[in-house]
Structure formats: C-alpha cells, structure tokens
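Position 1 is the first residue of the sequence, and the numbers go up from there.
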Amino acid sequence: EQYGVPLTETISTVRRWSMACPAMPTCGLAVTESERALPAMMDQLEIGLKELGLENEVFTTRMTGCPNGCARPYNSDIGLVGKTLGKYTILLAGRREGDRLNRIYQDLVPAEEVVPPLLPLFAFFKRDRQEGESFGDFCERQGFDRLRAETESESEVA
C-alpha cells in the first residue's frame with residue numbers, strides 16, 4: 001500500500017484473471033501491442049461486466065502480440081492474438097484446463113473494437129448459461145453461428 005501497489009482484493013476479478021505477454025517493444029517477434037494494450041481493454045470489460053452484474057464471474061482473458069501465444073491465449077475463455085499493428089484475432093471456446101483450444105471468432109479486429117462485440121456475448125451467457133458453466137464451455141456448447149446470431153439481434157435492440 002505504501003508504494004501504491006494494488007492489493008489482490010482491490011483488483012477486479014476479470015483483471016486478476018487476465019494475462020498479457022510483454023510484446024512491443026520488448027519482444028522482437030511482436031507485431032502489435034499486448035502488455036500495454038490490455039489494461040485499457042480491461043477497463044472497458046470491467047464497466048460492461050459490472051453493468052451486466054457479472055463483475056465477480058471468472059473470465060480468463062489472455063493476450064499476445066503475435067501468434068506464438070506466450071500468454072496462452074489458445075486455452076482461455078477469451079484469447080486475443082496480435083495479427084498486425086493494432087489489430088487482433090478474437091478467439092473463444094477454449095478451456096483454461098488446457099483440454100480444448102480456442103477457435104477464431106473474429107479476425108483483424110482493431111484494438112478499440114475488441115471489447116464491444118464481447119459484451120453482447122456476456123449478456124447471452126448470463127441469460128442462457130447452465131449451472132456452473134464457464135464462458136468457454138458456453139461458447140463451445142452454443143456454437144459460433146448461434147453466438148453470432150444472438151449478438152446480432154442484441155446489437156439491433158441496442
């Protein structure tokens with residue numbers, strides 16, 4: 001506290017369960033930001049999840065600045081993989097247990113447009129999830145066609 005380091009209980013659940021690789025400028029393999037981009041995305045997610053009443057739900061979010069996957073985006077609830085400068089691939093339906101990998105949900109998404117398509121998915125998750133079901137398991141059970149259909153109808157209502 002004396003040095004301004006946040007204590008665990010003061011950090012949101014979604015932020016606590018997020019991870020990013022160092023990416024630019026530290027890693028010579030990075031094609032875009034990760035460690036410096038994820039905090040702003042977490043800010044947006046925190047607001048959206050609180051509005052949905054899901055602020056205490058565990059959603060693993062992993063982000064890397066290249067496809068090498070150093071932060072393990074391929075086996076998380078939400079994987080964000082740098083594709084080119086300022087653009088990411090959104091991956092969904094993985095399991096943090098590591099027994100199912102994510103798949104591409106959207107590709108070449110600009111950094112400022114990563115969080116908005118996730119919020120309708122969280123609303124759908126809240127409404128239709130099964131008891132004890134994780135977000136990745138929910139996405140796998142629903143399938144991407146259904147997820148896209150539901151989020152398009154949510155966007156039309158908003």
I'd like to know if the side chain of [X] reaches the main chain of [Y], judged simply by a donor and an acceptor atom lying under 3.5 Å from each other, with no hydrogens or angles considered.
X: Thr32; Y: Gly86; value: yes
X: Arg96; Y: Gly136; value: no
X: Arg95; Y: Asp99; value: no
X: Thr10; Y: Pro6; value: no

Gap separating the [atom1] atom of [X] from the [atom2] atom of [Y], nearest 0.5 angstrom:
X: Leu119; Y: Leu49; atom1: CG; atom2: CG; value: 7.0 Å
X: Cys27; Y: Glu35; atom1: SG; atom2: CD; value: 11.0 Å
X: Ser12; Y: Glu55; atom1: OG; atom2: CD; value: 9.5 Å
X: Leu118; Y: Ile90; atom1: CG; atom2: CD1; value: 5.0 Å
X: Leu38; Y: Leu45; atom1: CG; atom2: CG; value: 8.5 Å

Self-check item: Within 6.0 Å of CD in Glu9, more than 12 heavy atoms from elsewhere
Solution: yes
Practice problem: Please say whether more than 12 non-hydrogen atoms of neighbouring residues, nucleotides or ligands are located less than 6.0 Å from CD in Glu1. | Solution: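 For Glu1, atom CD is not crowded (no more than 12 foreign heavy atoms under 6.0 Å).
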Quiz item: When clusters are formed by joining ILVMFWY residues with side-chain heavy atoms under 4.5 Å apart, either directly or through shared neighbours, do Val115 and Leu54 land in the same one?
Solution: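 Result: yes, single cluster for both.
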Check [X] against [Y] and note the closest heavy-atom contact, atom names and distance.
X: Leu108; Y: Lys87; result: O-CD, 3.9 Å
X: Leu121; Y: Pro117; result: CG-O, 3.6 Å
X: Glu33; Y: Tyr88; result: O-OH, 2.6 Å
X: Arg62; Y: Arg72; result: CG-O, 3.4 Å
X: Phe144; Y: Leu92; result: CZ-O, 3.6 Å
X: Gly82; Y: Val31; result: O-CG2, 3.8 Å

Quiz prompt | Other ILVMFWY residues reachable from Ile104 by side-chain steps of under 4.5 Å | solution =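 Cluster partners of Ile104: Tyr74, Val81, Leu91, Leu101.
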Cationic N near anionic O, under 4.0 Å, [X] to [Y]:
X: Arg100; Y: Asp137; answer: yes
X: Glu57; Y: Lys126; answer: no
X: Arg103; Y: Glu140; answer: yes
X: Arg146; Y: Asp128; answer: yes

Quiz prompt | Test side chain to side chain contact (heavy atoms under 4.5 Å, CB included) applied to Gln130 and Arg141, step by step | solution = CA-CA 10 Å; Gln130 293 177 352; Arg141 180 172 61 83; 3.5 Å; yes
Heavy-atom side-chain contact between [X] and [Y] under 4.5 Å:
X: Leu80; Y: Thr64; answer: no
X: Phe122; Y: Phe138; answer: no
X: Gln106; Y: Glu113; answer: no

Quiz item: Between Tyr105 and Arg148, is a side chain to side chain contact (heavy atoms under 4.5 Å, CB included) present by the stated rule, with each step listed?
Solution: CA-CA 9 Å; Tyr105 181 71; Arg148 287 186 182 101; 3.7 Å; yes
Quiz item: Please walk me through it: do Leu147 and Cys139 pass side chain to side chain contact (heavy atoms under 4.5 Å, CB included)?
Solution: CA-CA 7 Å; Leu147 293 176; Cys139 291; 3.8 Å; yes
Practice problem: Could you check Ile78 against Asn102 for side chain to side chain contact (heavy atoms under 4.5 Å, CB included), going step by step and ending with a plain yes or no? | Solution: CA-CA 8 Å; Ile78 303 156; Asn102 274 326; over 6 Å; no
Quiz item: Mind checking whether Phe124 and Phe135 have ring centres under 6.0 Å apart?
Solution: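 Between Phe124 and Phe135, the centre distance exceeds or equals 6.0 Å.
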Acceptor/donor pairs from residues 14-23 side chains to any protein atom, 3.5 angstrom cut, sequence neighbours excluded:
unit_1	atom_1	unit_2	atom_2	d
Arg15	NE	Glu46	OE2	2.9
Arg15	NH2	Asp43	OD1	2.5
Arg15	NH2	Glu46	OE1	3.0
Arg15	NH2	Glu46	OE2	3.3
Arg16	NH1	Thr8	O	3.1
Arg16	NH1	Ile11	O	2.7
Ser18	OG	Arg15	O	2.7

